Amino acid sequence: MKFFIGIVPPLAIKEKIFEFQKSFPSNKVPYFNEPHITLKVPSGLSEDKAWLAPLMTLVGGHAPFEIKLDGLDGFENKVLFLKPVFSEGLMSLHNKLVALLNPNMEAREKFFEGSLFHPHLTLGETTWGEMTTEELEEMRKKAETEFYTIPPFLVTFVRLYQKDTDDGFYQKLLDIPLKI
């Protein structure tokens, strides 16, 4: 069993992104999970869930914060994503989660956590499925017009995802509200 924690955009934005992702048949990203910004990768989230109560306390004590998705970026020529404008609330919550779950340094470096954290919302990538770099470039051009403006949104909860097998899909396990 594996877990991760994500930030889900409001329904209208999420649906627009999902439909956009699916408009590229070779893009497998929308078939692995819903559109989200990964807040904490699986490292430190053990199957015994001993971390769940402390996690809920930490998240429940964190103030809501705003996310603004502004522009496109990528990792090399393999991943295209919407990039959030720097958010102190997002970075603070990520760093608190890393401190709480305390993954080893190797895992932090491998999964770009802590000071290496680079928040993003993946639109497409060439590493899953059959998407080519040419299709990714076509996606970029289309995304430049489709996602020219996205309204900012307030993050009031984080979503805990779970998958049961390595080749399974991550599904919602629990939404954890931020401090009201």
Side-chain angles (χ1 to χ4, degrees), residues 2-42 45 55-56 59-60 62-75 78-94 97 111-113 117-131 135-164 167-180:
K2 287 187 180 178
F3 306 91
F4 83 89
I5 304 164
I7 295 171
V8 183
L11 186 60
I13 296 171
K14 183 174 89 168
E15 286 177 345
K16 180 177 180 174
I17 292 167
F18 184 67
E19 291 305 316
F20 176 84
Q21 291 171 324
K22 286 183 10 184
S23 72
F24 292 84
S26 63
N27 183 19
K28 300 306 177 200
V29 169
Y31 303 102
F32 286 99
N33 203 326
E34 67 185 345
H36 68 278
I37 298 169
T38 300
L39 183 59
K40 176 68 187 79
V41 298
L45 299 169
L55 174 103
M56 292 179 73
V59 171
H62 197 281
F65 54 92
E66 188 174 89
I67 294 283
K68 169 122 180 73
L69 297 169
D70 187 30
L72 301 167
D73 205 347
F75 297 127
K78 297 178 181 180
V79 179
L80 177 66
F81 58 83
L82 293 166
K83 61 180 181 175
V85 172
F86 177 81
S87 164
E88 184 62 44
L90 171 65
M91 298 306 288
S92 170
L93 185 53
H94 168 76
L97 289 169
F111 297 110
F112 303 98
E113 294 194 296
F117 182 53
H118 192 105
H120 61 282
L121 194 154
T122 302
L123 294 174
E125 63 178 79
T126 61
T127 53
W128 292 341
E130 299 136 17
M131 193 167 215
E135 287 173 307
L136 203 62
E137 184 55 33
E138 180 184 329
M139 178 183 269
R140 174 185 290 278
K141 289 176 185 171
K142 185 176 177 186
E144 286 172 352
T145 58
E146 294 221 12
F147 298 113
Y148 181 72
T149 59
I150 302 172
F153 59 92
L154 188 65
V155 177
T156 59
F157 70 93
V158 299
R159 182 160 289 168
L160 178 60
Y161 293 92
Q162 172 183 319
K163 74 174 180 173
D164 296 327
D167 58 349
F169 301 104
Y170 277 104
Q171 298 193 13
K172 172 186 167 181
L173 177 63
L174 175 68
D175 285 341
I176 306 170
L178 276 71
K179 184 178 182 178
I180 306 286

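These figures come from a predicted structure and were not determined experimentally.
Between Phe81 and Leu72 the shortest side-chain heavy-atom distance does not fall below 4.5 Å. Two residues are said to be in side-chain contact when any heavy atoms from C-beta on lie closer than 4.5 Å; Asn33 and Phe169 fail this criterion. Side-chain atoms of Pro64 and Val155, non-hydrogen and from C-beta on, never get closer than 4.5 Å to each other. Residues Asp164 and Gln162 meet the side-chain proximity criterion, which asks for heavy atoms closer than 4.5 Å. Under the 4.5 Å side-chain criterion, counting only non-hydrogen atoms from C-beta, Pro30 is not in contact with Glu19. Residues Lys163 and Lys2 meet the side-chain proximity criterion, which asks for heavy atoms closer than 4.5 Å.
Using modelled atom types, one finds no donor on one side chain facing an acceptor on the other under 3.5 Å when comparing Ser92 with His94. In summary, the side chains of Lys142 and Ser23 do present a donor paired with an acceptor at a separation below 3.5 Å, with no hydrogens or angles considered. Using modelled atom types and a 3.5 Å distance limit, the side chains of Glu34 and Tyr170 yield no donor-acceptor pair. Judged by distance alone, the side chains of Glu135 and Ser26 do bring a donor and an acceptor atom under 3.5 Å apart.
Annotation: the span from Asp73 atom CG to Leu121 atom CG amounts to 13.0 Å, rounded to 0.5 Å. In this structure, CG in Leu160 is found 6.0 Å from CG in Leu174, a value given to the nearest 0.5 Å. The distance from the CE atom of Met131 to the CZ atom of Phe24 is 5.5 Å, given to the nearest 0.5 Å. Note: Asp70 CG to Phe86 CZ = 15.0 Å, rounded to the nearest 0.5 Å. The line from NZ of Lys179 to CZ of Phe65 is 14.5 Å long, rounded to the nearest 0.5 Å. The structure places OG1 of Thr156 at 12.5 Å from CD1 of Ile176, a figure rounded to the nearest 0.5 Å.
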*Going through the checks in order, is the side-chain contact (heavy atoms from CB on, under 4.5 Å) test met by Gln171 and Leu173?*
CA-CA 6 Å; Gln171 298 193 13; Leu173 177 63; over 6 Å; no

_Run the side-chain contact (heavy atoms from CB on, under 4.5 Å) test on Val158 and Asp175 for me, step by step, so that the C-alpha distance in whole Å, both residues' side-chain angles and the decisive distance to 0.1 Å come before the verdict._
CA-CA 6 Å; Val158 299; Asp175 285 341; over 6 Å; no

_Could you go through Lys22 and Tyr31, starting from their C-alpha distance and side-chain angles, then the distance that decides it, and tell me whether this counts as side-chain contact (heavy atoms from CB on, under 4.5 Å)?_
CA-CA 9 Å; Lys22 286 183 10 184; Tyr31 303 102; 3.7 Å; yes

_Verdict with reasoning, Arg159 to Ile7, per side-chain contact (heavy atoms from CB on, under 4.5 Å)_ = CA-CA 6 Å; Arg159 182 160 289 168; Ile7 295 171; over 6 Å; no

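When atom types are taken as modelled, the side chain of Lys14 and the backbone of His36 share no donor-acceptor pair closer than 3.5 angstrom. Not a single donor-acceptor pair under 3.5 Å links the side chain of Thr38 to the backbone N or O of Val41. Side chain of Gln21 to backbone of Thr122: a donor-acceptor contact under 3.5 angstrom is found. Remark: side-chain polar atoms of Lys40 are not paired, donor with acceptor, to backbone N or O of Phe3 under 3.5 angstrom. Between the side chain of Asn27 and the backbone N or O of Leu123 there is at least one donor-acceptor pair closer than 3.5 Å.
Note: Phe20 and Phe147 have perpendicular aromatic rings, judged against thresholds of 30 and 60 degrees for the angle between ring planes. Between His120 and His118, the angle of the ring planes lies from 30° to 60°, which puts this pair in the tilted group.
Of all the heavy atoms in Val29 and Gly124, the pair that sits closest is CG2-CA, 4.0 Å. When every heavy atom of Ile37 is checked against every heavy atom of Pro84, the shortest pair comes out as CD1-CG, 4.1 Å. Taking every heavy atom of both residues into account, Pro9 and Pro35 meet most closely at CD-O, 3.5 Å.
The 12-atom threshold is exceeded at NZ of Lys28, counting heavy atoms of other residues, nucleotides or ligands nearer than 6.0 Å.
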